[in-house]
Amino acid sequence: MNVICTFFKRLFEWMTSGLHRRWRQGAFCAGLLLLLGAVFAAILAVPAFHVYLKHTVVVWSLGGFFALLVLTTLGSLYLRRFLSVLFHGGVILILIGAWRTARSAEEFECVAYGLPVLETDDTALAFRTFSLGDETFRVGDFAQVNYPGTTKPKQWWSDLHLPDGSCKRALVNSPVRYNGWTIYQMAFGISPRGAQPIPRFFVAPRGYDVMTYENGVFPYGFFAFDYHDINGPYDYPFYDPMTYAYVHGEKSDLGVYYTGLLARRDPGVVWTFLGYGAVVLAALGFALRETLR
Amino acid sequence: MTFQCSFLSFLLLGQLVLALGVCAVPSCLNVRVRRRLWGCVGGLGISTLALRWHLVGYPPLQNVFEAFLWIPPLLVGSSYLTRLKTQVDASRFDACIGVLFLFPMVFVFSHASKPLMPALQSPFFVPHILGYMLAYTLLIRAFFLLLVARLRVLPLMAMAAHLSFAWGFFFLTLALALGSIWGNEVWGAYWQWDPKEQWSLATWLVYVAVFHVSKQSKLRLVLLGVGILFILVTLMWSNVFPNLLGALGVSTETLEFLFPRGMHAYAR
């Protein structure tokens with residue numbers, strides 16, 4: 001143990017010897033690296049490069065960047081540059097949050113179809129119950145509120161009956177939170193040609209496509225993670241809301257309202273938002289220091 | 001390039017003419033004349049904002065045209081604060097920047113309004129977009145101030161540039177974080193690889209790089225210039241490029257491939 005401790009002590013002394021003198025050169029190099037990162041991020045914003053680079057190069061770049069950040073934070077601590085510690089520590093927290101999100105976040109799109117115009121309420125209700133893990137949710141009424149005198153949507157909402165028996169309303173910008181799950185109101189609409197009334201709530205991983213889903217890997221965020229189907233297999237060909245509705249076995253041209261919800265459980269959010277707080281505070285500190293100088 | 005005949009357009013035209021006047025007033029004239037003209041631009045800018053707010057019924061920040069309406073008053077405020085802190089009169093340079101923003105507002109951008117969509121009805125709407133406008137204003141003027149300071153060897157103006165950059169970076173960071181938190185509330189994720197999100201992050205990284213370069217370095221000026229390029233692309237990627245190319249007859253499919261709608265398509 002002593003040998004290991006001595007090794008790290010010597011290593012740290014070597015790294016920090018003359019650090020004051022080398023600090024400027026180091027910061028200069030870091031600046032160039034960041035510029036390179038910016039160019040790289042910009043390239044990623046071009047759709048043609050998006051698919052090919054995102055899941056491989058970015059992961060390795062972020063790994064190297066993370067190591068550099070840890071070294072910088074330790075160096076800043078040694079030099080008592082506390083704003084720098086706060087800033088780089090904040091970025092580390094953001095990356096930890098991103099990693100937690102990519103590895104552990106669960107996310108499902110839920111599309112509830114309302115009744116075709118001639119159906120009864122009882123039939124409609126049967127299509128609106130879904131499960132997330134052991135917990136069963138049910139969608140009550142859902143609606144679109146328009147701006148007066150127009151068909152422009154002002155708000156969409158869905159009433160959610162929660163497993164504990166209470167009822168909460170999910171609105172755009174005001175999700176419902178329950179036992180670790182956050183349920184967002186995402187979309188609302190009417191299928192122009194009618195939709196296939198699915199015999200239960202449709203739940204699928206967000207942004208899925210059949211090919212990647214069938215391979216058991218669902219790419220999302222910084223990394224790819226394995227998707228675990230929580231409600232059993234689904235009959236994907238019936239998802240397309242543009243297909244005709246079949247009401248009592250008859251092809252129907254009636255419109256069917258649907259509400260799109262998103263259920264998400266993400267343990268990375270807290271880390272990331274703490275990181276944001278640290279980075280913003282550090283940036284405020286830099287600005288105040290410049291002002292008071 | 002057309003002039004849309006309305007009271008709002010005339011207010012904007014007034015700002016443009018006055019800002020051009022501030023740029024053109026010779027240095028031999030009393031500096032107070034220039035400051036008063038520049039102050040008038042601020043007054044007209046606030047009036048324009050108030051009128052637009054009254055007409056549309058929400059804080060005018062929904063698209064690029066409405067967001068740019070905030071820039072002239074913010075520039076005037078920045079000039080005033082700079083003078084207060086460093087005794088540097090930057091009104092002429094700020095007026096030149098103002099002209100760059102006012103010209104497309106008067107002659108290029110559509111003034112049409114539309115109701116605020118559900119996703120934009122959030123407490124984050126104003127601080128996120130206004131934070132960006134403030135950040136862009138301060139960062140762009142930081143570049144121009146530093147450029148003049150280096151060309152004419154004016155240490156006080158260099159100090160004003162560094163001050164402008166420091167506060168611009170703070171607002172840029174704040175707006176980026178607020179946007180991400182808002183995205184988590186409305187779209188269910190704080191990061192979605194949306195093109196505009198990526199350009200915003202890339203812009204932030206450029207300005208982080210500026211922090212890592214010493215104040216005396218020539219590279220600092222270069223990086224501030226690169227930052228402006230990134231700001232322009234961020235602003236235009238989802239909101240202006242598709243409209244311009246569409247007007248030039250580029251097909252919808254090509255546009256969708258080059259500039260996929262993404263989550264910020266509402267601002268088109």
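Protein chains get the first letters and strands the later ones, always in sequence-line order, with residue 1 at the start of each.
The greatest number of non-hydrogen atom pairs below 4.5 Å with chain A, out of Thr173(B), Leu201(B), Val213(B), Val210(B), is found for Thr173(B). For the options Ile183(A), Thr272(A), Val145(A), heavy-atom pairs under 4.5 Å to chain B are most numerous at Thr272(A). Note: Asn184(B) leads Leu172(B), Leu176(B), Asn184(B) in heavy-atom pairs under 4.5 Å with chain A. When the candidates Asn173(A), Leu171(A), Val172(A) are compared by the number of heavy-atom contacts under 4.5 Å with chain B, Asn173(A) comes out ahead. Top candidate by heavy-atom pairs under 4.5 Å with chain A, chosen from Ala166(B), Pro118(B), Ala209(B), is Pro118(B). Among Leu163(B), Thr86(B), Leu178(B), Val206(B), the residue with the largest count of heavy-atom pairs under 4.5 Å with chain A is Leu163(B). Per-residue heavy-atom pair counts under 4.5 Å with chain B were compared for Tyr184(A), Phe87(A), Trp156(A), Phe286(A), and the maximum is reached by Tyr184(A).
Both the backbone and the side chain of Val269(A) come within less than 4.5 Å of a heavy atom in chain B. Contacts between Ile94(A) and chain B at a heavy-atom distance below 4.5 Å are absent for every atom of the residue. Thr291(A) touches chain B through backbone and side chain together, each having a heavy atom under 4.5 Å away.
Between Glu185(B) and Arg177(A) there is a salt bridge, since a side-chain N of the basic residue sits under 4.0 Å from a carboxylate O of the acidic one. Look at Glu290(A) and Lys85(B) and you find no salt bridge, because none of the NZ, NE, NH1 or NH2 atoms lies under 4.0 Å from a carboxylate O.
Aromatic pair Phe211(B)/Phe169(B): centroids less than 6.0 angstrom apart.
Within residues 217-233 of chain B, the residues having any heavy atom closer than 4.5 Å to a heavy atom of chain A are Leu219(B), Leu223(B), Val226(B), Phe230(B), listed by residue number.
The closest side-chain donor-acceptor pair between Arg141(B) and Thr82(B) falls under 3.5 angstrom.
Taking the six-membered ring where the residue is Trp, Trp182(B) and Phe125(B) present perpendicular rings, their angle passing 60° and hence far from 30°. Ring-plane geometry between Tyr207(B) and Phe165(B) is classed as tilted, the angle between the planes lying from 30 to 60 degrees on a 0 to 90 degree scale.
By the 4.5 Å heavy-atom criterion applied to side chains, Phe171(B) and Thr137(B) are not counted as neighbours. You'll find the side chain of Leu160(A) reaches within 4.5 Å of the side chain of Leu261(A), heavy atoms only.
One distance of note links CD of Glu66(B) with CE of Met133(B); it measures 11.5 Å at 0.5 Å rounding. We find the CD-NZ distance between Gln121(B) and Lys154(A) to be 6.5 Å, quoted to the nearest 0.5 Å.
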